[in-house]
Engineer: 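First the structure, which I've put down as structure tokens, then a few questions once you've had a look.
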Amino acid sequence: MNAPSKPGSKADRDVLRQDMTAAGCTLADIAIEMRTRFRMRPREAWRHAHGWTLQQAADRITQASTSRPGESVAADASLVGKWEKWPGPSSRRPSLPVLFSMAEAFTCGVEDLLDLEDRRALPEADLHLLIHRPPTVEPPTPPTTPSSIVAPLEPTGTDLVRFAAAESATWAQWAEASNVGDIALEQLMAETRALASDYLTSDPVPLFVRTRALRDRVFALLEGHQYPRQSADLYVAAGYLCGLLAWMSSDLGQLRDADTQGRTAWLCAELAGHNDLRAWVLSTRSKVAFWDGRLREAINFARHGARYQTTGSVAVLLSCQEADAWSELGAQDEALAALARVEEARTAMSGEDEIGGIFSCQPARQENYAAAAQLRVGRAADALRSADNALALLAVQPVRAYGTEAQIHISRAAACLATGEAEGALEALAPVLALPPDHRMAPVTRRLSELCAGIGRPFASGTTAVGLRQAIEEFCMDSAPRHLALSPGEGSA
């Protein structure tokens, strides 16, 4: 048996509208019943009384506005939804032209679209024009022609001056108000730093959920009103959060979604005019492009980011990423030149990282990139030294990133294989293969899979090589990206 529909569902609304229409009720009667039974705002109730979707209502409102010269309205589904929710959160106040066009589309009076809460929230000048406008003609029931909506008379003489002053005062009240304070902004940035730090040591999927929730809070605030400097700070927070979601999406093997998050993060960085955020977003996009095989794009993103004047360690990471991509292309000279610039960027650092965590390049992370690049250009001995340096640095860090540590061990194992040290390779891989499934991210499984190609000749026993290959295959099958790919998707709302 099917579960009963929730009150106010489309099925409930359709049944109510059909029953009331059959009983000879007017549209006004249906709208009133929708409001009282389903606790709707007046404008939403009138839309559902007609049985229209948001887009159908938007089309009719736009069409109705064409009959009012100079007051055309370009409505869409999103705007209609926000007009309906006003004056609630994440809403938008409908202007007088919008209200008149709505009334004409819904074949009702403007007063039918407003309740006491709406009237209290309307600017004084708008409310005065509504109260003192000539009366509208009541729509026939059932309607045969659109309701006659009479435009408000333009004030003249001293009324014109007084109304203009009232409008300016209303706007000033709006401009002075803000939906976010400085303390709230500090808290948002503190929570963003905590997420970026927690990602180094926590399970990725629950953290993804937390990051998405905080991003949605920031997006909702940006849809409201605040001072320009506060808007810029919100765009910075949104940019870092979208960048973090991009990084996580990539680590979970969802590269196309990571690219989308990266583009949104870049928009936020541009709107904020924030150079450090611009550079970190470009670093994130370079990382996504690298794992997607778009190596030239990865290099271009890294070089673009390095052009910004920044503080902290982002320039270090950008040079590391450029070296990574060049080495994957087999361009030894370019890769080694980029590694040299890594040291220059480290020396030129002028401050601390604003966010930290995944948006920071500590020396151990730098050595990890160096080891991987050196391996690809045939410098196994240098790679082994870099990997050993990275592990030594990581041992004294207060927070040990399991993803970075795993990649260091993989680089060390590959360097041991390349130099004929089979036992060292087995020892290096032991902590990697012991990672819990939720910590087995796409870069780690990818690098382990690549390592399989080098397993064989260095081992005296073929059984050892086969066993290690099997262990790697099982590791990759029981991983976070694999679990995510096999999990059931959510249905569309």
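Bear in mind that the values here come from a model prediction, so they are computed numbers and not experimental data.
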Engineer: Check D118 with R43, please: is the shortest side-chain N to carboxylate O separation under 4.0 Å?
Structural biologist: yes
Engineer: Provide the closest heavy-atom pair for C108 versus L113 in the form atom of the first, atom of the second, distance.
Structural biologist: SG-CD2, 3.7 Å
Engineer: Is the side chain of T36 donor-acceptor paired with the backbone N or O of I32 at a distance under 3.5 Å, no angle test?
Structural biologist: yes
Engineer: Within a strict 4.5 Å, meaning less than it, do heavy atoms of the I61 and E104 side chains meet?
Structural biologist: no
Engineer: Would F475 and L435 count as a side-chain contact (heavy atoms from CB on, under 4.5 Å) if you check the C-alpha gap in whole Å, the side-chain angles of each, and the deciding distance to 0.1 Å?
Structural biologist: CA-CA 9 Å; F475 177 98; L435 277 174; 4.2 Å; yes
Engineer: I'd like to check H483 versus P437 (side-chain heavy atoms, cut-off strictly below 4.5 Å). Are they in contact?
Structural biologist: yes
Engineer: Any salt bridge between R400 and E405, counting N to O under 4.0 Å?
Structural biologist: yes
Engineer: So, is the end of the R60 side chain (NZ or CZ) under 6.0 Å from the ring centre of W52 and within 45° of the ring's axis?
Structural biologist: yes
Engineer: Are V80 and E84 side-chain neighbours, meaning at least one heavy-atom pair lies under 4.5 Å?
Structural biologist: yes
Engineer: Any side-chain heavy atom of D182 sitting closer than 4.5 Å to one from R229?
Structural biologist: yes
Engineer: Is it true that atom CZ of R263 has more than 12 heavy atoms of other residues, nucleotides or ligands lying nearer than 6.0 Å?
Structural biologist: yes
Engineer: Between the side chain of S449 and the main-chain N/O of T445, is any donor-acceptor distance below 3.5 Å?
Structural biologist: yes
Engineer: If you take all heavy atoms of R285 and D259, which pair is closest and at what distance?
Structural biologist: NH2-OD1, 4.3 Å
Engineer: State which residue, out of V180, L221, V236, V218, fulfils the side chain to side chain contact (heavy atoms under 4.5 Å, CB included) condition with L185.
Structural biologist: V180
Engineer: State, without any angle test, whether Y199 and D251 hold a side-chain donor-acceptor pair at a distance under 3.5 Å.
Structural biologist: yes
Engineer: Side chains of Q226 and N179: is there a donor and an acceptor less than 3.5 Å apart?
Structural biologist: yes
Engineer: Is it true that, when you exclude R92 itself, more than 12 heavy atoms of the residues, nucleotides or ligands shown sit nearer than 6.0 Å to its CZ?
Structural biologist: no
Engineer: Starting from the C-alpha separation in whole Å, work towards a yes-or-no answer on side-chain contact (heavy atoms from CB on, under 4.5 Å) for L27 and W46.
Structural biologist: CA-CA 8 Å; L27 280 171; W46 272 94; 3.8 Å; yes
Engineer: Which heavy atom of A442 sits nearest a heavy atom of G253, and at what distance?
Structural biologist: CB-N, 3.8 Å
Engineer: Taking atom CG of D14 and atom NE2 of H48, what is their separation to the nearest 0.5 Å?
Structural biologist: 10.0 Å
Engineer: Would the number of heavy atoms belonging to other residues, nucleotides or ligands and lying under 6.0 Å from CD of E352 be above 12?
Structural biologist: no
Engineer: Do D59 and T62 have side-chain atoms, one donor and one acceptor, less than 3.5 Å apart?
Structural biologist: no
Engineer: Evaluate L195 against L241 for side-chain contact (heavy atoms from CB on, under 4.5 Å), listing each step before the verdict.
Structural biologist: CA-CA 9 Å; L195 289 168; L241 290 166; 4.0 Å; yes
Engineer: Once rounded to the nearest 0.5 Å, what's the spacing between atom OH of Y402 and atom CG of L200?
Structural biologist: 8.5 Å
Engineer: Is a donor on one side and an acceptor on the other found under 3.5 Å between the side chain of Q230 and the backbone of Y227?
Structural biologist: yes
Engineer: Is the shortest side-chain heavy-atom distance between F208 and S249 below 4.5 Å?
Structural biologist: yes
Engineer: Name all residues meeting the side-chain contact (heavy atoms from CB on, under 4.5 Å) criterion together with S360; count only those two or more places apart in sequence or in a different chain, and write none if there are none.
Structural biologist: S313, D353, Q362
Engineer: So how far is it from Y308 OH to W280 CH2, rounded to the nearest 0.5 Å?
Structural biologist: 15.5 Å
Engineer: Hey, what do you get for CG (L295) to CD (E328), rounding to the nearest 0.5 Å?
Structural biologist: 5.5 Å
Engineer: What are the two closest heavy atoms between V432 and A406, and how far apart are they?
Structural biologist: CG2-O, 3.6 Å
Engineer: Whether the D12 and S9 side chains hold a donor-acceptor pair (N or O, under 3.5 Å, no angle test) is what I'd like checked.
Structural biologist: yes
Engineer: Any side-chain heavy-atom pair from C476 and R440 closer than 4.5 angstrom?
Structural biologist: no
Engineer: What are the two closest non-hydrogen atoms of G239 and A265, and how far apart are they?
Structural biologist: O-CB, 3.5 Å
Engineer: Do L282 and W266 have side chains that approach each other closer than 4.5 Å (heavy atoms only, starting at C-beta)?
Structural biologist: yes
Engineer: Measure the spacing between CE of M441 and CD of Q407 and express it to the nearest 0.5 Å.
Structural biologist: 10.5 Å
Engineer: Ignoring hydrogens and geometry, is there a side-chain-to-backbone donor-acceptor pair from E474 to A471 under 3.5 Å?
Structural biologist: no
Engineer: Are R278 and N275 close enough that a side-chain donor and a side-chain acceptor fall under 3.5 Å?
Structural biologist: yes
Engineer: Would you check if D115 and R35 make a side-chain contact, meaning some heavy-atom pair closer than 4.5 Å?
Structural biologist: yes
Engineer: Donor-acceptor check, side chain of S101 to backbone of V98, threshold 3.5 angstrom: yes or no?
Structural biologist: no
Engineer: Considering all heavy atoms of both residues, which atom of S283 and which atom of W247 are nearest to each other, and what is their separation?
Structural biologist: OG-CZ3, 4.3 Å
Engineer: When you look at CD of Q63, are more than 12 heavy atoms from neighbouring residues, nucleotides or ligands closer to it than 6.0 Å?
Structural biologist: no
Engineer: Can you list every pair that meets salt bridge (charged side-chain N to carboxylate O under 4.0 Å, His left out) and has a residue in residues 197-207, with sequence neighbours left out?
Structural biologist: D198-R210
Engineer: Report the C-alpha distance between R446 and W291 in whole Å, list the side-chain angles of each, state the deciding distance to 0.1 Å, and finish with yes or no for side-chain contact (heavy atoms from CB on, under 4.5 Å).
Structural biologist: CA-CA 9 Å; R446 173 100 163 258; W291 290 109; 3.3 Å; yes
Engineer: Could you tell me whether a side-chain N or O of T311 sits under 3.5 Å from a main-chain N or O of G351, the two making a donor and an acceptor?
Structural biologist: no
Engineer: Classify the ring geometry of H274 against Y240: parallel below 30°, tilted from 30° to 60°, perpendicular beyond 60°.
Structural biologist: perpendicular
Engineer: Once you round to the nearest 0.5 Å, how far does CG of L318 lie from CD1 of I299?
Structural biologist: 13.0 Å
